[in-house]
Amino acid sequence: MKLTTEEKEILNGSQGETMAKIMKTLVMFGDMAGAKRLVPVTHEGHLVTSFGISLIKPLFRIMDEIIDAGIKSKWQFTADPRPIDYKNVKCNVLNKLVFSKIMYGQQKRYEEQLQKVGLRKPSDFTCTCYLPEVGNTPKMGDILSWAESSAVVYANSVLGARCNRNSGMIDLFGNIIGKVPEFGLLLDENREANWVVNIKTTTLPEAQVLGSAIGMAVGDGVPFIKGLDKFLGKELDAKTCAYLKDMGAASASNGAVGLFHVQNLTPEAIQKGTAIIKTSPKHLDITDEYLQNVYNNYPVLWKNQNAKPTLCFIGCPHLSLEQLVDWTHRLTVALQENNKKKLAIRTIFTTSPAVLQAFQKKHEYQQLIDTGAKISSICPLMYTNNPIAGKKPIITNSNKLRTYSGARYYQDAEIVDILCGKKEGK
Ligand code: F3S
(Lines give C-alpha, C1' and ligand atoms only; values in the text may rest on other atoms or scores of the structure.)
Protein backbone atom coordinates (compact mmCIF):
# COMPACT_ATOMS: atom_id res chain seq x y z
CA MET A 1 0.00 0.00 0.00
CA LYS A 2 1.06 3.56 -0.56
CA LEU A 3 1.22 5.24 2.84
CA THR A 4 1.19 8.95 3.71
CA THR A 5 4.14 10.47 5.58
CA GLU A 6 2.15 10.43 8.84
CA GLU A 7 1.16 6.77 8.36
CA LYS A 8 4.79 5.84 7.67
CA GLU A 9 5.86 7.66 10.82
CA ILE A 10 3.33 5.75 12.94
CA LEU A 11 4.58 2.54 11.34
CA ASN A 12 8.11 3.54 12.30
CA GLY A 13 7.17 4.15 15.91
CA SER A 14 6.46 7.90 16.14
CA GLN A 15 3.47 7.15 18.38
CA GLY A 16 5.07 4.29 20.24
CA GLU A 17 5.70 0.60 19.73
CA THR A 18 2.10 -0.53 20.25
CA MET A 19 0.66 1.94 17.73
CA ALA A 20 3.35 0.79 15.29
CA LYS A 21 2.21 -2.82 15.72
CA ILE A 22 -1.43 -1.85 15.23
CA MET A 23 -0.54 0.07 12.07
CA LYS A 24 1.61 -2.82 10.83
CA THR A 25 -1.31 -5.23 11.26
CA LEU A 26 -3.63 -2.95 9.27
CA VAL A 27 -1.05 -2.49 6.53
CA MET A 28 -0.42 -6.25 6.27
CA PHE A 29 -4.19 -6.85 6.17
CA GLY A 30 -4.58 -4.21 3.43
CA ASP A 31 -1.66 -5.59 1.40
CA MET A 32 -3.13 -9.07 1.60
CA ALA A 33 -6.49 -7.78 0.33
CA GLY A 34 -4.90 -5.79 -2.51
CA ALA A 35 -5.69 -2.34 -1.04
CA LYS A 36 -3.76 0.62 -2.45
CA ARG A 37 -4.14 2.98 0.51
CA LEU A 38 -5.74 3.60 3.87
CA VAL A 39 -8.87 5.78 4.04
CA PRO A 40 -10.33 7.57 7.07
CA VAL A 41 -13.06 5.93 9.13
CA THR A 42 -15.95 8.43 9.37
CA HIS A 43 -18.28 6.92 11.98
CA GLU A 44 -18.26 5.10 15.33
CA GLY A 45 -17.00 1.55 15.50
CA HIS A 46 -18.62 -1.75 16.37
CA LEU A 47 -16.70 -4.79 17.67
CA VAL A 48 -17.62 -8.41 17.00
CA THR A 49 -15.60 -9.71 19.96
CA SER A 50 -17.79 -9.23 23.02
CA PHE A 51 -17.08 -12.39 24.94
CA GLY A 52 -14.40 -13.10 27.50
CA ILE A 53 -13.65 -16.64 26.41
CA SER A 54 -10.75 -17.80 28.54
CA LEU A 55 -9.17 -19.68 25.63
CA ILE A 56 -8.41 -16.59 23.55
CA LYS A 57 -5.58 -15.42 25.81
CA PRO A 58 -3.80 -13.31 23.13
CA LEU A 59 -6.88 -11.05 22.95
CA PHE A 60 -6.61 -10.10 26.62
CA ARG A 61 -2.84 -9.65 26.36
CA ILE A 62 -3.19 -7.32 23.38
CA MET A 63 -5.90 -5.33 25.17
CA ASP A 64 -3.63 -4.98 28.20
CA GLU A 65 -0.79 -3.80 25.98
CA ILE A 66 -3.05 -1.19 24.35
CA ILE A 67 -4.20 0.06 27.78
CA ASP A 68 -0.67 0.10 29.22
CA ALA A 69 0.45 2.20 26.24
CA GLY A 70 -2.27 4.74 27.12
CA ILE A 71 -4.01 4.28 23.75
CA LYS A 72 -7.67 5.30 23.39
CA SER A 73 -9.59 4.37 20.29
CA LYS A 74 -10.00 7.34 17.95
CA TRP A 75 -13.59 6.23 17.30
CA GLN A 76 -15.56 4.95 20.28
CA PHE A 77 -17.43 1.71 19.65
CA THR A 78 -20.34 -0.51 20.55
CA ALA A 79 -19.87 -4.29 20.81
CA ASP A 80 -21.78 -7.49 20.10
CA PRO A 81 -24.07 -8.92 22.82
CA ARG A 82 -22.80 -10.43 26.04
CA PRO A 83 -22.80 -14.23 26.27
CA ILE A 84 -24.46 -14.56 29.69
CA ASP A 85 -27.43 -13.20 31.63
CA TYR A 86 -28.05 -15.48 34.60
CA LYS A 87 -31.08 -13.43 35.69
CA ASN A 88 -33.16 -13.92 32.56
CA VAL A 89 -31.54 -16.96 30.95
CA LYS A 90 -31.25 -19.35 33.83
CA CYS A 91 -28.56 -22.02 33.82
CA ASN A 92 -28.30 -25.17 35.89
CA VAL A 93 -25.35 -25.52 38.26
CA LEU A 94 -23.19 -27.42 35.77
CA ASN A 95 -23.95 -24.95 32.99
CA LYS A 96 -23.15 -22.02 35.24
CA LEU A 97 -19.90 -23.62 36.30
CA VAL A 98 -18.86 -24.19 32.68
CA PHE A 99 -19.81 -20.62 31.71
CA SER A 100 -18.24 -18.80 34.65
CA LYS A 101 -15.14 -20.91 35.20
CA ILE A 102 -14.26 -22.29 31.79
CA MET A 103 -15.96 -20.57 28.86
CA TYR A 104 -16.55 -16.95 29.83
CA GLY A 105 -14.28 -16.73 32.85
CA GLN A 106 -12.63 -13.58 31.48
CA GLN A 107 -15.88 -11.67 30.82
CA LYS A 108 -15.51 -9.11 33.59
CA ARG A 109 -11.86 -8.47 32.78
CA TYR A 110 -12.59 -8.09 29.06
CA GLU A 111 -15.49 -5.67 29.61
CA GLU A 112 -13.22 -3.51 31.79
CA GLN A 113 -10.63 -3.58 29.03
CA LEU A 114 -13.22 -2.54 26.41
CA GLN A 115 -14.31 0.39 28.57
CA LYS A 116 -10.75 1.59 28.99
CA VAL A 117 -10.07 1.42 25.23
CA GLY A 118 -13.26 3.08 23.98
CA LEU A 119 -16.60 1.30 24.57
CA ARG A 120 -19.23 4.06 24.28
CA LYS A 121 -21.33 3.03 27.31
CA PRO A 122 -21.13 0.04 29.69
CA SER A 123 -24.50 -1.17 28.33
CA ASP A 124 -23.52 -0.92 24.65
CA PHE A 125 -23.65 -4.66 23.95
CA THR A 126 -25.86 -5.57 20.98
CA CYS A 127 -25.48 -6.69 17.38
CA THR A 128 -28.15 -4.18 16.25
CA CYS A 129 -26.12 -1.10 17.17
CA TYR A 130 -27.53 0.67 14.10
CA LEU A 131 -31.12 0.80 15.40
CA PRO A 132 -32.26 4.32 16.37
CA GLU A 133 -32.62 3.52 20.10
CA VAL A 134 -28.95 2.47 20.25
CA GLY A 135 -27.84 5.29 18.01
CA ASN A 136 -24.68 3.92 16.40
CA THR A 137 -26.35 4.59 13.04
CA PRO A 138 -24.02 5.40 10.13
CA LYS A 139 -25.24 7.56 7.28
CA MET A 140 -24.89 6.97 3.57
CA GLY A 141 -21.27 6.97 2.41
CA ASP A 142 -19.77 6.60 5.90
CA ILE A 143 -16.64 4.42 6.06
CA LEU A 144 -16.75 1.92 8.92
CA SER A 145 -14.46 -0.43 10.78
CA TRP A 146 -16.94 -3.14 11.84
CA ALA A 147 -16.85 -6.93 11.61
CA GLU A 148 -20.17 -8.38 12.86
CA SER A 149 -21.58 -9.88 9.65
CA SER A 150 -25.25 -9.08 10.34
CA ALA A 151 -24.41 -5.46 11.19
CA VAL A 152 -22.04 -5.04 8.22
CA VAL A 153 -24.62 -6.27 5.69
CA TYR A 154 -27.27 -3.96 7.22
CA ALA A 155 -24.98 -0.92 7.27
CA ASN A 156 -23.90 -1.48 3.66
CA SER A 157 -27.31 -2.35 2.24
CA VAL A 158 -29.97 -0.49 4.22
CA LEU A 159 -27.94 2.53 5.30
CA GLY A 160 -25.60 2.84 2.32
CA ALA A 161 -22.48 2.98 4.51
CA ARG A 162 -19.26 1.27 3.40
CA CYS A 163 -17.67 -1.56 5.32
CA ASN A 164 -15.91 -4.84 4.64
CA ARG A 165 -16.62 -8.04 6.51
CA ASN A 166 -13.53 -7.61 8.67
CA SER A 167 -12.48 -9.89 11.48
CA GLY A 168 -12.30 -9.44 15.23
CA MET A 169 -9.37 -7.17 16.33
CA ILE A 170 -9.06 -5.77 12.79
CA ASP A 171 -12.31 -3.92 13.54
CA LEU A 172 -10.76 -2.52 16.75
CA PHE A 173 -7.44 -1.62 15.11
CA GLY A 174 -9.23 0.35 12.34
CA ASN A 175 -11.06 2.37 14.97
CA ILE A 176 -7.91 2.99 17.01
CA ILE A 177 -5.94 4.30 14.01
CA GLY A 178 -9.06 5.90 12.50
CA LYS A 179 -8.31 4.39 9.09
CA VAL A 180 -9.06 1.19 7.16
CA PRO A 181 -7.54 -0.34 4.02
CA GLU A 182 -9.50 0.58 0.92
CA PHE A 183 -10.66 -2.57 -0.87
CA GLY A 184 -13.77 -4.72 -1.38
CA LEU A 185 -17.05 -3.06 -0.50
CA LEU A 186 -15.38 0.33 0.04
CA LEU A 187 -14.94 0.65 -3.72
CA ASP A 188 -17.73 1.66 -6.14
CA GLU A 189 -17.04 -1.17 -8.59
CA ASN A 190 -17.47 -3.85 -5.93
CA ARG A 191 -20.81 -2.41 -4.84
CA GLU A 192 -22.36 -3.17 -8.21
CA ALA A 193 -24.68 -6.18 -8.30
CA ASN A 194 -23.43 -9.34 -9.99
CA TRP A 195 -26.66 -11.25 -9.32
CA VAL A 196 -30.29 -10.44 -10.13
CA VAL A 197 -32.72 -12.17 -7.79
CA ASN A 198 -36.34 -12.20 -8.96
CA ILE A 199 -38.92 -12.71 -6.23
CA LYS A 200 -41.77 -14.65 -7.82
CA THR A 201 -43.55 -15.82 -4.68
CA THR A 202 -47.29 -15.38 -4.11
CA THR A 203 -46.84 -13.75 -0.68
CA LEU A 204 -44.08 -11.96 1.24
CA PRO A 205 -41.43 -14.65 1.88
CA GLU A 206 -40.27 -15.40 5.41
CA ALA A 207 -37.30 -13.03 5.74
CA GLN A 208 -35.06 -15.65 7.34
CA VAL A 209 -35.70 -18.29 4.65
CA LEU A 210 -35.38 -15.81 1.79
CA GLY A 211 -32.05 -14.53 3.16
CA SER A 212 -30.87 -18.10 3.59
CA ALA A 213 -31.85 -19.02 0.00
CA ILE A 214 -30.12 -15.94 -1.41
CA GLY A 215 -26.98 -16.47 0.69
CA MET A 216 -26.66 -20.12 -0.33
CA ALA A 217 -27.04 -19.25 -4.03
CA VAL A 218 -24.91 -16.11 -4.35
CA GLY A 219 -22.17 -16.81 -1.76
CA ASP A 220 -20.26 -13.55 -1.43
CA GLY A 221 -21.92 -11.99 -4.48
CA VAL A 222 -23.91 -8.76 -4.48
CA PRO A 223 -27.58 -9.48 -5.28
CA PHE A 224 -30.01 -6.96 -6.78
CA ILE A 225 -33.41 -8.12 -5.55
CA LYS A 226 -36.42 -7.41 -7.75
CA GLY A 227 -40.05 -7.89 -6.77
CA LEU A 228 -39.70 -7.55 -2.99
CA ASP A 229 -41.03 -3.98 -3.03
CA LYS A 230 -44.33 -5.45 -4.28
CA PHE A 231 -44.83 -6.80 -0.74
CA LEU A 232 -42.75 -4.40 1.35
CA GLY A 233 -43.76 -1.14 -0.29
CA LYS A 234 -41.36 1.60 -1.24
CA GLU A 235 -40.58 3.04 2.19
CA LEU A 236 -37.82 2.02 4.57
CA ASP A 237 -40.10 2.14 7.63
CA ALA A 238 -39.43 0.26 10.89
CA LYS A 239 -41.21 -2.89 9.69
CA THR A 240 -39.32 -3.04 6.40
CA CYS A 241 -36.00 -2.29 8.10
CA ALA A 242 -36.62 -5.16 10.54
CA TYR A 243 -37.42 -7.46 7.61
CA LEU A 244 -34.22 -6.48 5.81
CA LYS A 245 -32.24 -6.87 9.05
CA ASP A 246 -33.35 -10.51 9.38
CA MET A 247 -33.05 -11.28 5.67
CA GLY A 248 -29.56 -9.77 5.56
CA ALA A 249 -28.36 -11.66 8.64
CA ALA A 250 -29.52 -14.95 7.11
CA SER A 251 -27.84 -14.15 3.78
CA ALA A 252 -24.61 -13.27 5.59
CA SER A 253 -24.57 -16.46 7.68
CA ASN A 254 -25.97 -18.99 5.19
CA GLY A 255 -23.76 -17.39 2.54
CA ALA A 256 -21.28 -14.54 2.80
CA VAL A 257 -23.35 -11.60 1.56
CA GLY A 258 -21.94 -8.24 2.67
CA LEU A 259 -24.19 -6.05 0.53
CA PHE A 260 -27.54 -6.43 -1.22
CA HIS A 261 -29.70 -3.98 -3.12
CA VAL A 262 -33.50 -4.08 -3.12
CA GLN A 263 -35.13 -2.42 -6.10
CA ASN A 264 -37.02 0.79 -5.16
CA LEU A 265 -36.07 0.42 -1.49
CA THR A 266 -32.42 0.46 -0.49
CA PRO A 267 -30.48 3.72 -0.98
CA GLU A 268 -28.08 2.75 -3.76
CA ALA A 269 -30.81 0.91 -5.68
CA ILE A 270 -32.89 4.08 -5.50
CA GLN A 271 -29.98 6.33 -6.44
CA LYS A 272 -28.72 4.28 -9.40
CA GLY A 273 -31.66 2.04 -10.33
CA THR A 274 -30.79 -0.94 -12.51
CA ALA A 275 -27.60 0.85 -13.62
CA ILE A 276 -26.04 -0.62 -10.47
CA ILE A 277 -26.27 -4.10 -12.03
CA LYS A 278 -23.07 -5.28 -13.74
CA THR A 279 -23.24 -6.47 -17.33
CA SER A 280 -24.09 -10.17 -17.64
CA PRO A 281 -25.17 -10.83 -14.03
CA LYS A 282 -26.18 -14.28 -12.84
CA HIS A 283 -29.90 -14.84 -12.27
CA LEU A 284 -31.92 -16.52 -9.55
CA ASP A 285 -35.71 -16.93 -9.54
CA ILE A 286 -37.27 -17.42 -6.13
CA THR A 287 -40.67 -19.11 -6.08
CA ASP A 288 -42.79 -20.53 -3.24
CA GLU A 289 -41.57 -24.03 -4.17
CA TYR A 290 -37.93 -22.93 -4.17
CA LEU A 291 -38.21 -21.57 -0.63
CA GLN A 292 -40.16 -24.60 0.60
CA ASN A 293 -37.39 -26.80 -0.73
CA VAL A 294 -34.73 -24.72 1.04
CA TYR A 295 -36.70 -24.94 4.27
CA ASN A 296 -37.33 -28.70 3.95
CA ASN A 297 -33.62 -29.32 3.58
CA TYR A 298 -32.48 -27.68 6.80
CA PRO A 299 -30.82 -30.43 8.83
CA VAL A 300 -32.13 -31.22 12.32
CA LEU A 301 -29.12 -31.82 14.55
CA TRP A 302 -30.97 -33.00 17.64
CA LYS A 303 -29.92 -36.43 18.85
CA ASN A 304 -33.56 -37.33 19.37
CA GLN A 305 -35.35 -35.84 16.38
CA ASN A 306 -38.71 -36.21 18.17
CA ALA A 307 -37.63 -34.53 21.40
CA LYS A 308 -39.96 -31.93 22.85
CA PRO A 309 -38.24 -28.52 22.81
CA THR A 310 -37.32 -27.11 26.18
CA LEU A 311 -36.18 -23.64 25.17
CA CYS A 312 -36.97 -21.14 22.41
CA PHE A 313 -34.86 -18.16 21.35
CA ILE A 314 -36.37 -15.32 19.33
CA GLY A 315 -34.14 -12.42 18.39
CA CYS A 316 -30.96 -13.28 16.51
CA PRO A 317 -30.12 -10.63 15.37
CA HIS A 318 -31.53 -8.66 18.31
CA LEU A 319 -35.17 -7.63 17.90
CA SER A 320 -36.26 -4.13 17.04
CA LEU A 321 -38.87 -2.32 19.15
CA GLU A 322 -41.46 -2.85 16.45
CA GLN A 323 -40.73 -6.61 16.38
CA LEU A 324 -41.12 -6.92 20.16
CA VAL A 325 -44.51 -5.21 19.99
CA ASP A 326 -45.54 -7.39 17.05
CA TRP A 327 -44.52 -10.64 18.79
CA THR A 328 -46.45 -9.58 21.89
CA HIS A 329 -49.62 -9.03 19.86
CA ARG A 330 -49.27 -12.31 17.97
CA LEU A 331 -48.64 -14.39 21.08
CA THR A 332 -51.37 -12.71 23.15
CA VAL A 333 -53.97 -13.39 20.46
CA ALA A 334 -52.73 -16.96 19.91
CA LEU A 335 -52.81 -17.76 23.64
CA GLN A 336 -56.34 -16.39 23.94
CA GLU A 337 -57.51 -18.42 20.95
CA ASN A 338 -56.10 -21.56 22.55
CA ASN A 339 -57.43 -20.78 26.05
CA LYS A 340 -53.94 -20.55 27.48
CA LYS A 341 -52.32 -17.95 29.67
CA LYS A 342 -48.67 -18.99 29.56
CA LEU A 343 -46.33 -20.03 26.77
CA ALA A 344 -45.84 -23.79 26.49
CA ILE A 345 -42.03 -23.54 26.33
CA ARG A 346 -39.48 -21.40 28.14
CA THR A 347 -38.97 -18.56 25.69
CA ILE A 348 -36.31 -15.87 25.61
CA PHE A 349 -36.67 -12.77 23.45
CA THR A 350 -33.36 -11.04 22.82
CA THR A 351 -32.93 -7.35 22.14
CA SER A 352 -30.50 -4.53 22.88
CA PRO A 353 -30.51 -2.88 26.32
CA ALA A 354 -31.59 0.40 24.65
CA VAL A 355 -34.56 -1.18 22.83
CA LEU A 356 -35.52 -3.04 26.00
CA GLN A 357 -35.60 0.27 27.87
CA ALA A 358 -37.91 1.73 25.21
CA PHE A 359 -40.08 -1.41 25.25
CA GLN A 360 -40.46 -1.23 29.04
CA LYS A 361 -42.32 2.06 28.57
CA LYS A 362 -44.97 0.37 26.43
CA HIS A 363 -47.96 -1.54 27.81
CA GLU A 364 -46.98 -4.51 25.63
CA TYR A 365 -43.95 -5.07 27.87
CA GLN A 366 -46.06 -6.31 30.79
CA GLN A 367 -48.27 -8.28 28.38
CA LEU A 368 -45.23 -10.16 27.09
CA ILE A 369 -43.85 -10.76 30.58
CA ASP A 370 -47.29 -12.08 31.65
CA THR A 371 -47.01 -14.84 29.03
CA GLY A 372 -44.02 -16.16 31.00
CA ALA A 373 -41.50 -14.99 28.38
CA LYS A 374 -38.19 -13.48 29.42
CA ILE A 375 -36.37 -10.67 27.69
CA SER A 376 -32.60 -10.63 27.65
CA SER A 377 -29.77 -8.85 25.85
CA ILE A 378 -27.50 -11.87 25.46
CA CYS A 379 -26.34 -13.45 22.24
CA PRO A 380 -28.27 -16.74 22.01
CA LEU A 381 -25.47 -18.26 19.97
CA MET A 382 -22.95 -17.67 22.74
CA TYR A 383 -25.38 -19.37 25.12
CA THR A 384 -26.10 -22.40 22.90
CA ASN A 385 -22.75 -22.97 21.25
CA ASN A 386 -21.21 -25.20 23.91
CA PRO A 387 -21.33 -28.93 24.66
CA ILE A 388 -23.87 -28.64 27.49
CA ALA A 389 -26.47 -26.18 26.19
CA GLY A 390 -25.84 -27.49 22.67
CA LYS A 391 -27.36 -30.86 23.59
CA LYS A 392 -30.71 -29.31 24.61
CA PRO A 393 -33.60 -29.38 22.13
CA ILE A 394 -33.71 -25.64 21.43
CA ILE A 395 -35.93 -24.05 18.79
CA THR A 396 -35.52 -20.68 17.11
CA ASN A 397 -36.81 -18.53 14.26
CA SER A 398 -33.24 -17.45 13.47
CA ASN A 399 -31.44 -18.93 10.52
CA LYS A 400 -28.12 -17.65 11.83
CA LEU A 401 -28.61 -19.43 15.15
CA ARG A 402 -29.68 -22.60 13.33
CA THR A 403 -26.59 -22.45 11.14
CA TYR A 404 -24.04 -22.06 13.92
CA SER A 405 -25.61 -24.18 16.67
CA GLY A 406 -27.75 -27.28 17.18
CA ALA A 407 -30.93 -25.21 17.45
CA ARG A 408 -33.83 -26.21 15.20
CA TYR A 409 -35.38 -23.62 12.92
CA TYR A 410 -39.10 -22.97 12.61
CA GLN A 411 -40.85 -20.20 10.71
CA ASP A 412 -42.58 -17.50 12.78
CA ALA A 413 -46.13 -18.89 12.37
CA GLU A 414 -44.99 -22.36 13.48
CA ILE A 415 -43.18 -20.88 16.48
CA VAL A 416 -46.40 -19.10 17.48
CA ASP A 417 -48.33 -22.40 17.22
CA ILE A 418 -45.71 -24.27 19.26
CA LEU A 419 -45.52 -21.60 21.94
CA CYS A 420 -49.27 -21.43 22.41
CA GLY A 421 -49.53 -25.23 22.57
CA LYS A 422 -51.40 -25.65 19.26
CA LYS A 423 -48.59 -27.59 17.61
CA GLU A 424 -46.07 -29.94 19.17
CA GLY A 425 -42.56 -28.81 18.39
CA LYS A 426 -40.34 -31.76 17.62
FE1 F3S B 1 -26.50 -11.14 17.11
FE2 F3S B 1 -25.49 -13.18 18.37
FE3 F3S B 1 -27.26 -13.54 16.51
S4 F3S B 1 -24.38 -11.43 17.67
S5 F3S B 1 -26.87 -11.91 15.07
S6 F3S B 1 -27.60 -12.48 18.46
S7 F3S B 1 -25.43 -14.76 16.79
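These numbers were taken from a predicted model, which means no experiment stands behind them. As the structure lists them, so they are numbered: ligands from 1, and atoms in each ligand from 1. Positions are given from 1, in the same order as the sequence printed here.
A salt bridge is defined here as a Lys NZ or Arg NE, NH1 or NH2 lying under 4.0 Å from an Asp or Glu carboxylate O, and Arg109 with Asp64 meets this definition. Salt-bridge formation is detected for the pair Glu111/Arg82: a Lys NZ or Arg NE/NH1/NH2 atom is positioned less than 4.0 Å from an Asp or Glu carboxylate oxygen. Classification of Glu148 and Lys400 as a salt-bridged pair holds, one side-chain N sitting under 4.0 Å from a carboxylate O. A salt bridge is defined here as a Lys NZ or Arg NE, NH1 or NH2 lying under 4.0 Å from an Asp or Glu carboxylate O, and Arg191 with Asp188 fails to meet this definition.
Judged by the 6.0 Å distance and 45° axis criteria, Arg402 is positioned over the aromatic ring of Tyr298.
Taking the six-membered ring where tryptophan is involved, the planes of Tyr365 and Phe359 are perpendicular, since the angle between them exceeds 60° and thus also 30°.
Shown in contact with Cys127 at under 4.0 Å from a heavy atom are these atoms of ligand 1, numbered in order with element: 1 (Fe), 4 (S), 5 (S), 6 (S). Counting atoms of ligand 1 from 1 in the listed order, those under 4.0 Å from a heavy atom of Pro81 are 4 (S). Using a 4.0 Å cut-off to heavy atoms of Leu381, the atoms of ligand 1 that qualify are 7 (S). Residue contact check: Lys400 has heavy atoms under 4.0 Å from atoms 5 (S), 7 (S) of ligand 1. The distance from ligand 1 to the heavy atoms of Ser150 drops below 4.0 Å at these ligand atoms: 5 (S).
Among the backbone and side-chain atoms of His318, none of the N, O or S atoms lies under 2.8 Å from atom 1 (Fe) of ligand 1. At a threshold of 2.8 Å, atom 2 (Fe) of ligand 1 has a backbone or side-chain N, O or S atom of Cys379 nearer than that distance.
Residue contact annotation: Pro380 has a non-hydrogen atom under 4.0 Å from ligand 1.
Each of Leu228, Val158, Val197 was scored for a side-chain contact (heavy atoms from CB on, under 4.5 Å) with Phe260, with one residue passing: Val158.
The closest protein non-hydrogen atom to atom 3 (Fe) of ligand 1 is Cys316 SG, 2.3 Å.
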